[in-house]
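Read the structure below first, then the notes.
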There are 2 protein chains.
Amino acid sequence: MDSAERLIASMQELLWERGYSGTSPRAVQKMADVGQGSMYHHFQGKADLAVAAEHLMGRELQTQINERLSSGATTVDKIAAFLTIDEHVLRGCRLGRLVQDTEVASNDELRAPIQTMFVWIQQNIASTLEDGRSNGEIRPDANIEALAATILAVRQGAYVLARAAQSEEPFRKAADGLIEMLTHGVCV
Amino acid sequence: MDSAERLIASMQELLWERGYSGTSPRAVQKMADVGQGSMYHHFQGKADLAVAAEHLMGRELQTQINERLSSGATTVDKIAAFLTIDEHVLRGCRLGRLVQDTEVASNDELRAPIQTMFVWIQQNIASTLEDGRSNGEIRPDANIEALAATILAVRQGAYVLARAAQSEEPFRKAADGLIEMLTHGVCV
DNA sequence: GTCTATATGATGATAGAC
DNA sequence: GTCTATCATCATATAGAC
């Protein structure tokens with residue numbers, strides 16, 4: 001990896017670990033083993049480098065999500081796979097965590113890659129549900145768009161609950177509850 | 001309001017607006033119109049003042065949530081009220097946002113009040129669902145605990161989606177999807 | 001109980017040599 | 001393309017006068 005690549009990889013790591021405001025250019029340079037001048041040669045500044053890191057995150061997440069949403073026999077299995085716990089639950093969602101930072105939310109350049117990814121994920125969940133509807137697994141009158149938003153929200157919210165508890169248990173519970181609702185409904 | 005109360009109110013406001021790491025004692029003092037020496041007289045430091053602010057937040061949230069979970073005729077109406085949009089959706093959840101901050105998540109004194117509130121909320125949702133089960137509104141075999149976790153996760157996640165989009169729409173959609181799942185289920 | 005002065009280190013960024 | 005030196009500003013906190 002060259003300097004620029006190492007800078008992006010380090011920024012990505014630190015964004016996940018410490019958030020945007022909590023990540024200093026210094027720390028990125030140190031982790032990447034790259035000098036200050038070098039960083040400001042390759043990137044305009046902290047925000048510019050962070051955007052590059054966000055784009056890399058997005059590409060990695062797309063791969064992961066595609067794998068999960070295409071695993072499993074039934075539609076519910078696919079959604080369950082999407083909600084499967086991974087090794088990083090307590091670190092939070094790489095993208096979702098970032099957008100809680102006011103500096104990120106109020107800067108369109110930093111926010112755009114996150115919003116784009118969320119839209120992409122929702123569309124993929126929606127098309128998984130559509131397939132299920134064609135198969136006859138999903139009710140014909142289901143509001144696919146709303147359901148996709150709910151499913152993504154459960155994952156994002158489950159990360160938050162797990163972080164507050166410093167335990168993976170609330171994540172699992174929230175996922176279980178969603179699967180139950182998808183399969184059985186709740187009302188008599 | 002005396003100095004200490006103004007400090008707590010200001011810290012609360014700034015925690016919501018800028019998060020913990022993003023809030024400096026300076027800024028709090030300025031908003032509260034209180035000098036530096038005064039702040040360090042009343043509180044041990046930034047974290048100590050933040051904990052006081054978190055406790056105040058918790059008390060306010062309990063009132064709001066009690067109101068919502070007791071409004072509405074049916075159990076689903078009550079859950080829908082819990083998921084009703086409020087005027088502050090784009091600012092995020094006061095508690096959920098905080099715990100995304102690494103400094104908060106890794107400091108037990110700062111994290112505890114948040115976790116306590118989440119547990120309290122889940123218990124209140126659970127007992128609302130229990131009532132519905134007694135009424136015959138909710139399936140007897142429903143996994144109440146998991147459903148409560150899911151419902152709270154939807155609210156938390158919906159905040160995240162709204163912030164990423166800088167729009168209240170995803171929040172509404174996620175809530176709609178949840179209500180649909182509660183009432184009809186999704187699978188044929 | 002509140003004030004000002006000060007300490008110590010980090011922040012994000014620039015300047016200019018090599 | 002990378003380096004070191006430097007900048008102005010902010011962070012959190014303490015010291016000691018009033």
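Naming convention: chains lettered A, B, ... in sequence-line order (proteins, then strands); numbering from 1 in each chain.
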Please state how far atom [atom1] in [X] lies from atom [atom2] in [N], giving the value in whole angstrom units.
{"X": "A/Gln44", "N": "C/dT14", "atom1": "CD", "atom2": "C1'", "result": "14 Å"}
{"X": "B/Phe43", "N": "D/dT14", "atom1": "CZ", "atom2": "C1'", "result": "18 Å"}
{"X": "B/Arg18", "N": "D/dC10", "atom1": "CZ", "atom2": "C1'", "result": "13 Å"}
{"X": "B/Asp48", "N": "D/dA13", "atom1": "CG", "atom2": "C1'", "result": "14 Å"}
{"X": "B/Tyr40", "N": "D/dT12", "atom1": "OH", "atom2": "P", "result": "7 Å"}
{"X": "A/Gln29", "N": "C/dA10", "atom1": "CD", "atom2": "P", "result": "14 Å"}
{"X": "B/Lys46", "N": "D/dC10", "atom1": "NZ", "atom2": "P", "result": "15 Å"}
{"X": "A/Lys30", "N": "D/dT2", "atom1": "NZ", "atom2": "P", "result": "20 Å"}

query: Any sub-3.5 Å donor-acceptor pair from B/Arg155's side-chain atoms to B/Phe82's backbone N or O?
result: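 Yes.
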query: Does B/Arg97 use its side chain to pair, donor to acceptor, with the backbone of B/Trp16 at less than 3.5 Å?
result: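 Indeed, once roles are kept as given, a pair shorter than 3.5 Å links the two residues.
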What nucleotide among [options] has an atom nearest to a side-chain atom of [X]?
{"X": "A/Gln36", "options": "D/dT14, D/dG1, D/dA5", "answer": "D/dA5"}
{"X": "A/His41", "options": "D/dT12, C/dA13, D/dT2", "answer": "D/dT2"}
{"X": "A/Arg26", "options": "C/dT14, D/dT12, C/dT11", "answer": "C/dT11"}

Side chains of A/Arg18 and B/Ser21, donor plus acceptor under 3.5 Å: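 There is no such pair between these side chains.
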Hey, is the side chain of [X] poking within less than 4.0 Å of OP1 or OP2 on [N], counting only N and O atoms?
{"X": "B/Ser24", "N": "D/dA11", "result": "yes"}
{"X": "A/Ser3", "N": "D/dG1", "result": "no"}
{"X": "A/His42", "N": "D/dT2", "result": "yes"}

task: Name the nucleic acid region contacted by A/Gly35, choosing base, sugar-phosphate or nothing; use a 4.0 angstrom heavy-atom cut-off, strictly under.
output: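 The answer is sugar-phosphate, as A/Gly35 gets under 4.0 Å only of primed atoms, P, OP1 or OP2.
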task: Using the side-chain hydrogen bond (donor to acceptor under 3.5 Å, both in side chains) rule, pick out the option among A/Glu13, A/Glu60, A/Glu54 that qualifies with A/Arg94.
output: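 Among A/Glu13, A/Glu60, A/Glu54, the one that satisfies the side-chain hydrogen bond (donor to acceptor under 3.5 Å, both in side chains) with A/Arg94 is A/Glu60.
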message: Check B/Arg111 with B/Asp108, please: is the shortest side-chain N to carboxylate O separation under 4.0 Å?
response: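 B/Arg111 and B/Asp108: salt-bridged.
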